[in-house]
Amino acid sequence: MNFLEERILKDGLVKPGNVLKVDSFLNHQMDIALMDEIGKAFYMRFKDKPITKVLTIEASGIAIAYPVARCFNVPLVFAKKSKSVNIDGDMYVATVESFTHKNVNQVIVSKKFLSEDDHVLIIDDFLANGCALQGLISIAEDAGATVEGIGIAIEKGFQIGGTVIRNLGSPLESLANVDAMDAEKGTVTFRKQ
Ligand code: 5GP
């Protein structure tokens, strides 16, 4: 069992609706030492790729993506959620349905910050149905950038996203892959890596 799986067992909470709460260490209060370890773990997995930018989505993706970008010593770009219907031509736009909030957001990245010269590592905290990642991949593709890989802190392997995204072709690595969780018993089991 790796450091993140151990921490999930210690401090993660299983909520009804297939939601794993990790807000005491990952996406509300953040354990900075853990974040640094996550950064190094993704660096080890993707260090042979010519990464020029790390791409994520606000808000909780930023905390995971920051230490990764630090390790690669490249800029971090995050897609912003936008309510505006009048998005001008200077933006790449994708539509993303939120798994946790059940709403639909347009997410935008300025054309200034992503181009065909970029080799992108996409990072996010969770993978559930894959909507957030599909949005980020489509933004990278619109920019003509190369998606070199995708790094996810916690994949919920019992949901469809992992299969959908892997079928698109980019290498996807998750640090913890949850096979099953039970809100009544409070149990989490991981897929063997
Ligand atoms: P997807 O787009 O893959 O359906 O969901 C991914 C997004 O939903 C992530 O960016 C994350 O913010 C949120 N998310 C999905 N599942 C969970 C979960 O079990 N717990 C938490 N805290 N967030 C989740």
Side-chain angles (χ1 to χ4, degrees), residues 4-31 34-35 38-39 42 54-69 76-82 92-109 120-141 147 149-191:
L4 184 57
E5 292 167 330
E6 278 171 13
R7 189 59 179 269
I8 293 166
L9 289 191
K10 183 167 163 275
D11 291 327
L13 294 172
V14 184
K15 295 287 174 188
N18 286 332
V19 172
L20 177 63
K21 254 193 135 177
V22 289
D23 61 350
S24 65
F25 59 98
L26 203 78
N27 57 15
H28 191 25
Q29 173 173 261
M30 287 182 274
D31 179 333
L34 184 87
M35 295 295 163
I38 289 174
F42 283 129
V54 171
L55 176 66
T56 190
I57 181 167
E58 70 176 356
S60 45
I62 299 171
I64 309 281
Y66 180 99
V68 181
L76 159 60
V77 178
F78 63 93
K80 294 181 163 210
K81 292 172 185 160
S82 167
Y92 303 115
V93 186
T95 302
V96 171
E97 190 180 338
S98 163
F99 176 80
T100 36
H101 299 109
K102 308 286 178 225
N103 60 355
V104 174
N105 283 297
Q106 283 194 305
V107 299
I108 54 171
V109 169
V120 173
L121 176 58
I122 295 177
I123 296 286
D124 204 3
D125 58 345
F126 274 92
L127 171 56
N129 292 327
C131 294
L133 284 184
Q134 277 178 288
L136 292 173
I137 291 168
S138 105
I139 282 175
E141 283 175 351
V147 178
I150 300 169
I152 296 294
I154 306 171
E155 175 176 350
K156 291 187 292 180
F158 57 88
Q159 293 185 251
I160 193 74
T163 305
V164 171
I165 300 299
R166 285 186 178 90
N167 282 342
L168 296 177
S170 300
L172 191 160
E173 296 270 343
S174 49
L175 300 184
N177 193 336
V178 177
D179 229 353
M181 47 191 210
D182 186 318
E184 267 177 34
K185 296 188 192 130
T187 51
V188 177
T189 50
F190 296 105
R191 199 163 287 184

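Residues: numbered from 1 along the sequence shown. Ligands are counted one by one from 1 in listed order, and the atoms in each one are counted from 1 as well. Nothing here was measured: the structure is a model prediction, and the numbers come from that model.
Distances shorter than 4.0 angstrom occur between a heavy atom of N18 and an atom of ligand 1. Within the 4.0 Å heavy-atom shell around ligand 1 one does not find G61. The shortest separation from a heavy atom of G161 to ligand 1 is not under 4.0 Å, leaving the residue out of contact.
Here CG of L20 is found 12.0 Å from OG1 of T100. Values are rounded to the nearest 0.5 Å. Here the CD1-CD1 distance, from I152 to I150, works out to 7.0 Å after rounding to the nearest 0.5 Å. Here the OH-CD distance, from Y92 to E141, works out to 12.5 Å after rounding to the nearest 0.5 Å. Atom CD1 of I108 sits about 11.0 Å away from atom CD1 of I57, to the nearest 0.5 Å.
Between the side chain of E58 and the backbone N or O of K81, at least one donor-acceptor pair lies under 3.5 Å. Listed for the R7 side chain is no donor-acceptor partner under 3.5 Å among the backbone atoms of F25. In terms of modelled atom types and a separation under 3.5 Å, the side chain of N177 and the main chain of R191 share no donor-acceptor contact. Looking at K156, its side chain never comes within 3.5 Å of a backbone N or O of F126 through a donor-acceptor pair.
By the 3.5 Å distance cut-off applied to N or O atoms, A128 is counted among the residues near ligand 1. Checking only distances, A132 does come within under 3.5 Å of ligand 1, N or O to N or O. Of the N or O atoms in M181, none lie within a sub-3.5 Å distance of an N or O in ligand 1. Considering backbone and side-chain atoms alike, T100 places every N or O at 3.5 Å or more from each N or O of ligand 1. Between K21 and ligand 1, not a single N/O pair is under 3.5 Å apart. Any N or O atom pair closer than 3.5 Å counts here, and G130 shares at least one such pair with ligand 1. Polar contact check, K156 against ligand 1: a nitrogen or oxygen pair lies under 3.5 Å apart.
In the candidate list L20, I165, L136, V178, L20 is nearest to atom 22 (N) of ligand 1, counting heavy atoms. Of all the listed residues (I57, L13, D125, I152), D125 holds the heavy atom that lies closest to atom 12 (O) of ligand 1.
Of the candidates D23, D124, D125, S60 forms a side-chain hydrogen bond (donor to acceptor under 3.5 Å, both in side chains) with just one, namely D125.
Atom 15 (C) of ligand 1 has its closest protein heavy atom at F99 CD2, 3.3 Å.
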